[in-house]
Amino acid sequence: MTDAPAVVPPRSRWAWNPFRLARRLPDAGFAYFLLLPAFIFLALFTVKPLIGSLISSTQKRNGDGFTLGNYERLATDEVFLRALGNNLLFSLITVPVSLGLAMLLAVLLHQNVRGRGFLRAGVFAPAILPMVAVAVIWMYFYQPNIGVINSILGAIGLPTPDWLGDPSLVLPSLMVMMIWKEAGFFMLFYLAGLQGIDPELEEASRLEGTGKFRHFWKVSFPLLMPTTLFAAIVALSDSIKMVDFVFVMTQGGPDNASNLLLFYIYKVAFAQHWPQFAAAISLVVVAVLVALALIQIKLMDRKIHYR
Amino acid sequence: MPEVLLRSLSKSFTGTRGDRHTVLHDVGFTVADGEFAAILGPSGCGKSTTLRIVAGLDRADSGELLIGGRDVSNVPSAERGLGMVFQNYALFPHLSVAENITFGLKVRRVGKAERNERLLEAARQLQLEPYLNRKPGQLSGGQRQRVALGRALVGGSRLILMDEPLSNLDARLRADMRTEIRELQQRLGLTVLYVTHDQVEAMTMADKVIVMREGFVDQISAPENLYAQPANAHVARFIGAPPMSVIEVRRDRDALLIGEDVRIPADALLSRYGHDLPENLLLGIRPEDLVPGTAASADAFTLPGALERQELLGADRLATYGVGGQRLRVRVRAAHAVPAQSVLSASLEHVHLFAAEDSVRIPEATRPILAQAS
């Protein structure tokens, strides 16, 4: 009661400072405030184009009026079906092989081997090279007459096929490149995953007489499942988004044997000047991707142990 | 008969710059069958490395390791007949408690019926029955600790190695687990080699304590003996809370010199030792053995001290006295006042002498000096 009146600090001239204002917001409000830039870019570059595509895909080619013809056409468009088939095969092979190889490389490079840093960098290198540069390098490998692969094959008297010119070889040739590139990239994730596993677990296994292979299968592999799920979804979307190699090396040929979805979308939109149909294909591809990712998550989630 | 015998084990590691660090120098001790032995030392003293060598997770550069009379230097861990409890438990996080415990049995292809039987037995011993289907992440620290114990026990090994198993638990639980582990060891007749940096654990649980420092074994003895007769000044300064005060003194005929100018007549004390007492000595007295004020008995060891500071520790009061530029701690009941200037006294059997040169304890002459001289 005899206390001196509390000193009221003078109102700061920085009171209008937006960060100071933000501090008065409730926590959730502040969180949204911080997320605002991300939301703006997401809306601008993902949501708006998605809605644009949705509208565009229901327009006639000459732009006058609503139609569902673009979607109906999908079922009968031979090149689309070919690209879809190619792409499914491409994904079905490159995703599991890349992940398996990535895991194998990660396990090998997780050990204390000589020149480990150099080897890790070497395996990861393809992932940071520009795809177009990679494609040009590999064209030189695959070139039928003076290419590296055929020079070697020819020198030891084996047949020298035209890797990118033969319809039955062109897609597998692209798959090899994709696996080479993706395995290095995902190795890094598996390496991080392996480093997150307590090394005492390996010793506990060893005390029980568990072999290295069994330990990997029973302990490391299950503990890497969160990484595998993440990598599988990224690898799947990578394989469906694959366009660079096709663009630089084959243009989808010969005879659409290496035509993949994204390349076909590009062709329809910019070579055939038919953006409405291209939009319809894009949306179907997105829908398929989302559906596959959801299936992966549902199938794997129950069996995954998250730390 | 899991008796463990280590004979002059040495081990060195190559550092990152290619330099060698010797972490074990000539380490040797035995753990008798059914004995609880604790390796005690500060971090970096080589105690964990020693345990890992016994477990077979590391190899010694030289020396012998016998378990149950068999040289196991070249025997893989799994065939050494031991179980181990790791510091961080090392439970498989994706497996249930039951699967964790029976993991090793499956690897050893033990049949399902026997596996179940052994699992239930281990669960019963460790009161884990209600948790068998849980994942380690759903257990408390103490429960995880018990699962790790269960995994070590279920294989039927009677030699158990433990690497700081209680360091991740809170203080109360640690005290409970101490009694629990000790009780289990007694009940099952286990031979335990237990690594710890906590002297309370070593003193309360072990039959035998092996004190290590910088890769050397400083002392091997029963806990009581460790406290009463430290083998050297390092052990003296390590054991006890607070540990023994050790000060540098110089012998001058029948007196001891502390610093430059404090001269303490000590013929009663020195007569307990042989004539070959070195000139430079370390004198140690436990804070609880030193009393302010003149001692009742005439032949006590006394020295003058000036109070420097004091702390209240609840029941006790810990005072620090300066003597000739060195410090001695005195522990008295909290109710006692501590005078600013005082004579401090300790009975002779509580005064420890170590050679300054190598810190080793100087034993008291067993017989009267006169008898020895004849």
Side-chain angles (χ1 to χ4, degrees), chain A residues 99 103 106-107 110-120 189-190 192-232 296-307, chain B residues 14 16 48 51-58 75-96 99-110 134-138 144 147-157 159-165 168:
Chain A
L99 294 188
M103 207 184 275
V107 168
H110 183 57
Q111 280 157 355
N112 239 331
V113 289
R114 237 171 215 288
R116 185 167 69 163
F118 178 76
L119 287 172
R120 283 181 182 178
F189 290 93
Y190 279 123
L194 284 172
Q195 269 155 12
I197 297 177
D198 186 350
E200 274 190 353
L201 295 187
E202 206 248 308
E203 296 182 338
S205 264
R206 234 166 88 199
L207 275 174
E208 307 284 5
T210 319
K212 275 194 184 245
F213 186 76
R214 188 185 175 109
H215 173 75
F216 173 78
W217 203 240
K218 292 283 177 193
V219 180
S220 306
F221 184 76
L223 291 178
L224 285 174
M225 277 313 262
T227 309
T228 302
L229 176 63
F230 165 78
Q296 275 178 322
I297 292 170
K298 278 270 174 260
L299 276 182
M300 296 168 87
D301 206 35
R302 245 173 293 149
K303 295 178 191 157
I304 289 183
H305 171 81
Y306 290 100
R307 264 165 288 179
Chain B
T14 306
T16 40
S48 286
L51 193 78
R52 292 172 57 85
I53 289 172
V54 177
L57 297 171
D58 275 337
V75 175
S77 305
E79 289 157 36
R80 293 186 181 191
L82 49 84
M84 182 159 172
V85 178
F86 290 85
Q87 184 170 5
N88 301 317
Y89 318 133
L91 299 177
F92 303 118
H94 59 297
L95 300 179
S96 70
E99 288 168 318
N100 261 291
I101 293 178
T102 55
F103 188 88
L105 297 179
K106 270 191 203 164
V107 173
R108 286 160 214 249
R109 300 182 189 285
V110 174
R134 294 211 196 157
K135 296 274 173 72
Q138 299 163 300
R144 283 183 217 182
V147 177
L149 261 170
R151 190 174 59 182
L153 289 171
V154 79
S157 313
L159 170 61
I160 305 293
L161 311 179
M162 300 191 195
D163 188 2
E164 309 226 8
N168 288 337

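Reckoned from all heavy atoms, side chains included, excluding hydrogens, waters and symmetry mates. In what follows, chains are A, B, ... by sequence order, proteins preceding strands, each numbered from 1.
- Among pairs with a residue in residues 209-223 of chain A, none fulfils salt bridge (Lys or Arg N to Asp or Glu O under 4.0 Å), at least two apart in sequence or across chains.
- For a residue to count as touching a neighbouring chain, one of its non-hydrogen atoms must lie under 4.5 Å from one of that chain's; by this rule Arg151(B) touches chain A with backbone and side chain alike.
- Checked by atom type and distance alone, the side chain of Arg206(A) never pairs as donor or acceptor with a backbone atom of Ser77(B) at under 3.5 Å.
- A search for side chain to side chain donor-acceptor pair (under 3.5 Å) contacts involving Ser220(A) returns nothing, not counting sequence neighbours.
- Here the straight-line distance linking atom CG of Asp58(B) with atom CD of Glu203(A) works out to 7.5 Å at 0.5 Å rounding.
- Once rounded to the nearest 0.5 Å, the distance linking CG of Leu207(A) with CG of Leu82(B) reads 6.5 Å.
- When the heavy atoms of residues 84-91 of chain B are compared with those of chain A, the residues falling under 4.5 Å are Met84(B), Phe86(B), Gln87(B), Asn88(B), Tyr89(B), Ala90(B), Leu91(B), listed by number.
- Looking at residues two or more places apart in sequence or on another chain, you find a side chain to side chain contact (heavy atoms under 4.5 Å, CB included) between Val219(A) and Leu201(A), Ser205(A), His215(A), Leu223(A), Phe92(B), His94(B), Phe103(B).
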